[in-house]
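Remember, it's 1-based here, ligands and their atoms both numbered in the order they're listed.
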Amino acid sequence: MTNEQIQITNDRYRLGYHVMPKSGWINDPNGFCYFNEYYHIFYQHYPYSPEWGPMHWGHARSKDLVHWEDLPIALTPGSTEDKDGCFSGSAIVKDDTLYLFYTGHHYYGDNDPDHFWQNQNMAYSTDGVNFTKYENNPIIESEPEDNTHHFRDPKVWEDNGKYYMILGSQGKDGLGRVILYQSDNLKEWDYIGDIAKSESIEKEGFMWECPDFFSLNNKDILLCSPQGIKQQGKEYLNLFQTGYFLGHLNEEKTTFSHDRFIELDYGHDFYAAQTTTTPDGRRILIGWMAMWESPMPEKEDGWAGALTLPRELVLLDNHLYMKPVDELKELRTQTLDSGHIYLEEPTLLSKQSSHIEVNLEHKFEERKEITTSFELKDASNQLLLSLNYDNQTNEFELYRPDKDDSRFALISAKNTVELQIFIDKSSVEIFINGGEAVFTERYYTEDVPQVWINASDGVATNYDLYQLNEK
Ligand code: FRU
């Protein structure tokens, strides 16, 4: 290991308007918050190689959720209480101070990567740039007795003058769960117990990472990233999932009764999402735009991974919609094209830029069976990804030739289907019908991608294309 930040050797996959590491590795978003007129996002980061290593907290801030400014690394591991890593966590603002909560990671030193222990720590800042680790760390020394060593990713919130912390955990019975602590001062924490737990490893996983908790429309939502859920038909196809349980946390905050686990994004590249609220009360989410064990070809160029665009969460008919925040309209620098066509043959919409927003609206005639497609191709017409929709089954299929496999999403039946697609140099985020279903994907080519659309039979189609700002 050296102490030099690794260098970027090639820009071919560097993103234009997403948060990504200056160089090196990135995974989960951490500490998402609003403090002193800025949104802050931190992330799991290893600056010395494009691989996961002793975790630091990288840091960026933004006035508008659109333009991000890189800041110095906020947390560096190596203190007694975070010797082998500053793992994921969250932030809260209290009395003009920004507090970070994170997991200290510790190996036993026998070269067994699964032989570790974890504790919970705090750091604080008054300028939002320089952080001091709390003198009396750890704030939670060790896991409760009925827990294994999987005990991490604190998410802290305030409710009625009291502070609550949930942690991703694994019970001694080998099941994933979320445990709750309570505090009056952010420093001393009392254990309350588990509030929700996996039914079985196959159904709900052996470890729940990165929990988050919030309410929308008087419903409580537990967001988490379970490991170990088994594929069931066309669901749970990624190595690990991120999704939510909709339910109700009882008054005593001891039990969260809930419905089944639902995946939040159907793409290959989405994990460990975290939320915050905006000053005007919206609930916004950012995720890691990758997946554990994914090859990430940008590693060859000295970096790996990025964060998704910020998305607003809206609960409609007991379903969590994820739509791009309105502020992202600020990314548009010009309208490249717009029009109305009767789509019935392969149609090239764009090949002029790697940073575009494509909005499509297909209006299906009643009872006519149609499949539509959206495709990205490289300059030699090789498919980079395709998205097909069948208006009879209401199913979307996203296919990635580099992985040779598909992801699926079902939407509610409608005569109009709208796609809002953000293409960056090596990423695509596809929002369907205002965020009812979302696919987050990476793609890799050194060419400017060609955007093609098609339909198996005629369908009235409106399109708008915008050039997006590349920072
Ligand atoms: C989720 C995760 C967290 C952990 C972090 C380590 O992707 O495994 O549970 O804190 O990554 O980088």
Side-chain angles (χ1 to χ4, degrees), residues 21 24-32 41-59 73-78 81-91 100-107 113-123 138 140 143 147-156 165-170 176-179 198 205-213 222-229 238-243 263-265 268-275 285-294 296 304-308 440:
W25 167 273
I26 203 171
N27 58 287
D28 316 353
N30 295 153
F32 192 18
I41 192 79
F42 303 81
Y43 47 83
Q44 292 285 280
H45 181 43
Y46 188 58
Y48 306 122
S49 115
E51 302 289 344
W52 189 85
M55 282 290 104
H56 297 54
W57 274 38
H59 187 191
I73 286 173
L75 297 176
T76 301
E81 300 306 333
D82 52 39
K83 199 170 60 60
D84 299 313
C86 299
F87 273 23
S88 284
S90 60
L100 306 182
F101 296 87
Y102 67 98
T103 297
H105 190 67
H106 307 256
Y107 290 113
D114 200 42
H115 199 196
F116 60 77
W117 60 277
Q118 303 185 315
N119 59 9
Q120 313 310 326
N121 297 291
M122 187 169 86
I140 303 178
E143 68 277 9
N147 213 87
T148 70
H149 58 310
H150 292 285
F151 170 63
R152 57 180 173 269
D153 310 337
K155 169 78 190 198
V156 174
M165 176 195 289
I166 44 172
L167 283 158
S169 118
Q170 180 185 56
R177 61 182 194 163
V178 160
I179 55 178
S198 159
F206 59 78
M207 164 62 192
W208 289 3
E209 297 191 307
C210 299
D212 196 341
F213 184 85
L222 176 64
L223 180 74
C224 61
S225 298
Q227 298 177 293
I229 298 184
N238 285 346
L239 176 63
F240 305 136
Q241 280 68 41
T242 291
E263 279 180 87
L264 196 52
D265 186 301
H268 290 84
D269 292 300
F270 184 80
Y271 195 61
Q274 190 178 97
T275 73
L285 172 145
I286 288 184
W288 177 31
M289 194 157 60
M291 175 50 61
W292 289 109
E293 294 181 21
S294 149
M296 302 182 213
L307 303 184
T308 67
T440 301

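At the top of the distance list for atom 2 (C) of ligand 1, counting protein heavy atoms only, stands Asp28 OD2, 3.3 Å. In this structure, the protein non-hydrogen atom closest to atom 6 (C) of ligand 1 is Gln44 OE1, 3.2 Å.
Side-chain atoms of Asn119 and Glu81 form a donor-acceptor pair, as typed in the model, at a separation below 3.5 Å. Gln274 and Asn30 share no donor-acceptor pair across their side chains, judged by distance under 3.5 Å alone.
Here is the list of ligand 1 atoms found below 4.0 Å of a heavy atom in Ser88: 5 (C), 10 (O). Using a 4.0 Å cut-off to heavy atoms of Tyr271, the atoms of ligand 1 that qualify are 1 (C), 7 (O). Distances below 4.0 Å separate heavy atoms of Met55 from the following atoms of ligand 1: 12 (O).
When Arg152, Arg177, Lys155 are each tested for a salt bridge (charged side-chain N to carboxylate O under 4.0 Å, His left out) with Glu209, only one passes: Arg152.
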Check the pair Asn27 / Trp52 against side chain to side chain contact (heavy atoms under 4.5 Å, CB included), numbers first and verdict last. CA-CA 8 Å; Asn27 58 287; Trp52 189 85; 3.4 Å; yes
Starting from the C-alpha separation in whole Å, work towards a yes-or-no answer on ring pair (Phe, Tyr, Trp, His ring centres under 6.0 Å) for Trp117 and Phe87. CA-CA 12 Å; Trp117 60 277; Phe87 273 23; over 10 Å; no
Run the ring pair (Phe, Tyr, Trp, His ring centres under 6.0 Å) test on Phe42 and Trp57 for me, step by step, so that the C-alpha distance in whole Å, both residues' side-chain angles and the decisive distance to 0.1 Å come before the verdict. CA-CA 6 Å; Phe42 303 81; Trp57 274 38; 5.5 Å; yes
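Residue-to-ligand polar distances place Glu209 within reach of ligand 1: an N/O pair is separated by less than 3.5 Å. Looking at ligand 1, you'll find an N or O of Trp292 within less than 3.5 Å of one of its N or O atoms.
Relative orientation of the His56 and His45 rings is perpendicular, given thresholds of 30° and 60° on the angle between their planes.
Contact annotation for Thr103 and ligand 1: no heavy atom of the residue comes within less than 4.0 Å of the ligand.
The option with the heavy atom closest to atom 10 (O) of ligand 1, from among Asn27, Thr242, Asp153, is Asp153.
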